[in-house]
Amino acid sequence: QVQLVESGGGLVQAGDSLRLSCAASGRTFNNNAMGWFRQAPGKEREFVAAISWNGGSTYYADSVKGRFTISRDNAKNTLYLRMNSLKPEDTAVYYCAAGRWSGVSTTFHDYPYWGQGTQVTVSS
């Protein structure tokens, strides 16, 4: 059974940092791109960041560029999202996803595997 399990969310103040992790089990995704998406209350799920199969390419939403860093450790089958300078508008449930292809994608439908999400709340 394929599972993606996120961790590291929590309640922080504006300007703080968090690191999210996503551990994969049931299969490896070393040949697949992976990504982070988020969904705020009342809003659609949106793309945050993606990384190619070997970490050679990354892509970020404009809203997080320069503040968030996506990385992966294929030996540990784990994906990370380092979030610095957090803002209240970053408040959302954050989901990791494993892609259908090896290259990065911002498209929701290119990610067939999803975790259950971890809540990030940023207070002002």
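Computed over heavy atoms, backbone and side chain alike; hydrogens, waters and symmetry mates excluded.
For the atom pair OG (S71) and CZ (R82), the distance works out to 10.5 Å, reported to the nearest 0.5 Å.
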Begin from the C-alpha positions of N31 and S102 and carry the test side chain to side chain donor-acceptor pair (under 3.5 Å) through to its verdict. CA-CA 6 Å; N31 295 318; S102 61; over 6 Å; no
Report the C-alpha distance between F47 and F37 in whole Å, list the side-chain angles of each, state the deciding distance to 0.1 Å, and finish with yes or no for ring-ring contact (aromatic ring centres under 6.0 Å, His included). CA-CA 4 Å; F47 169 78; F37 290 74; 5.7 Å; yes
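Annotation for P112 and G99: closest pair CD-C, 3.8 Å, computed over non-hydrogen atoms. Contact detail for A14 and S124: the closest heavy-atom pair is CB-CA, 4.4 Å. Heavy atoms only, all atoms of each residue included: S105 and Y111 are closest at O-OH, 2.5 Å.
Here the side chain of T121 pairs no donor or acceptor atom with the backbone of L11 at under 3.5 angstrom. Under a 3.5 Å cut-off, the side chain of D73 and the backbone N or O of T78 do not form any donor-acceptor pair. At distances below 3.5 Å, not a single donor-acceptor pair connects side-chain atoms of T107 with backbone N or O atoms of H109. One N or O on the side chain of E6 and one on the backbone of C96 form a donor-acceptor pair closer than 3.5 Å.
Considering only residues two or more places apart in sequence or on other chains, S52 meets the side chain to side chain donor-acceptor pair (under 3.5 Å) condition with N54. Every residue meeting the side chain to side chain donor-acceptor pair (under 3.5 Å) condition with N74, not counting sequence neighbours, appears here in chain and number order: R72. Legend: residues meeting side chain to side chain donor-acceptor pair (under 3.5 Å) with E89, ordered by chain and number and at least two apart, are absent.
Think of L81 as one node in a network of Ile, Leu, Val, Met, Phe, Trp and Tyr side chains linked at under 4.5 Å; its network also takes in V2, L4, V12, L18, L20, F29, M34, W36, V48, I51, Y60, V64, F68, I70, L79, M83, L86, Y94, Y113, V120, V122.
Contact annotation: the side chain of K87 approaches that of R67 to within less than 4.5 Å [non-hydrogen atoms, C-beta and beyond]. No side-chain heavy atom of Y80 sits less than 4.5 Å from a side-chain heavy atom of C22. Annotation: side chain of V93 is not in contact with side chain of Q116 (no heavy-atom distance under 4.5 Å).
W101 and V104 are not part of a single hydrophobic cluster, where members link through side-chain heavy atoms under 4.5 Å apart.
For the residue pair T28 / N77, no side-chain donor-acceptor distance below 3.5 Å is found, with atom types taken as modelled.
Identified under the salt bridge (Lys or Arg N to Asp or Glu O under 4.0 Å) test for residues 7-35, with sequence neighbours left out: none. Within the structure, salt bridge (Lys or Arg N to Asp or Glu O under 4.0 Å) contacts touching residues 37-61 (residues at least two apart or in different chains) are R38-E46, R38-D90.
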